[in-house]
Amino acid sequence: MGALAGPYAPVALVATTVITHAELVLHLAAVYGLDPADPRRAGDLLALAAPGKGPIVLWAALKLVRLPGVSLLTAVLGARATTEMVAVRARRFYAEYSSQDSQESGSSS
């Protein structure tokens with residue numbers, strides 16, 4: 001989408017990246033038994049789904065490349081890489097969270 005957005009590419013890349021990352025984080029929270037609708041997930045989203053500098057760097061790369069199809073391929077590969085990084089961070093975060101939660105519930109019983 002960002003490759004086709006023209007001058008609005010930075011906005012499109014950041015928006016689509018944030019939406020995708022937020023959905024990914026909430027789905028992973030549900031996998032680990034947490035309620036995705038819980039207000040505490042907002043803090044998780046801020047910590048885990050932030051796009052960082054990746055989309056801006058990707059947009060700059062797209063502006064430099066003028067070959068047909070290359071900008072679209074670059075956008076797809078860049079989005080995939082950043083999404084995989086968010087997935088790894090979220091899995092680690094929720095795995096640690098669930099292990100801490102099970103330790104706390106085990107010590108109180």
Does a side-chain heavy-atom distance below 4.5 Å link Y97 with L34?
yes
Distance (rounded to the nearest 0.5 Å) between D35 CG and R41 CZ
7.5 Å
Side chains of R92 and V88: closer than 4.5 Å at any heavy-atom pair?
yes
Does any non-hydrogen side-chain atom of L28 lie less than 4.5 Å from one of F93?
no
Any side-chain heavy atom of R89 within less than 4.5 Å of one from V86?
yes
Decide yes or no for L45 and L26: does some side-chain heavy atom of the first lie under 4.5 Å from some side-chain heavy atom of the second?
yes
Partner set under side chain to side chain donor-acceptor pair (under 3.5 Å) for E84, not counting sequence neighbours
R80
Partner set under side chain to side chain donor-acceptor pair (under 3.5 Å) for T20, not counting sequence neighbours:
none
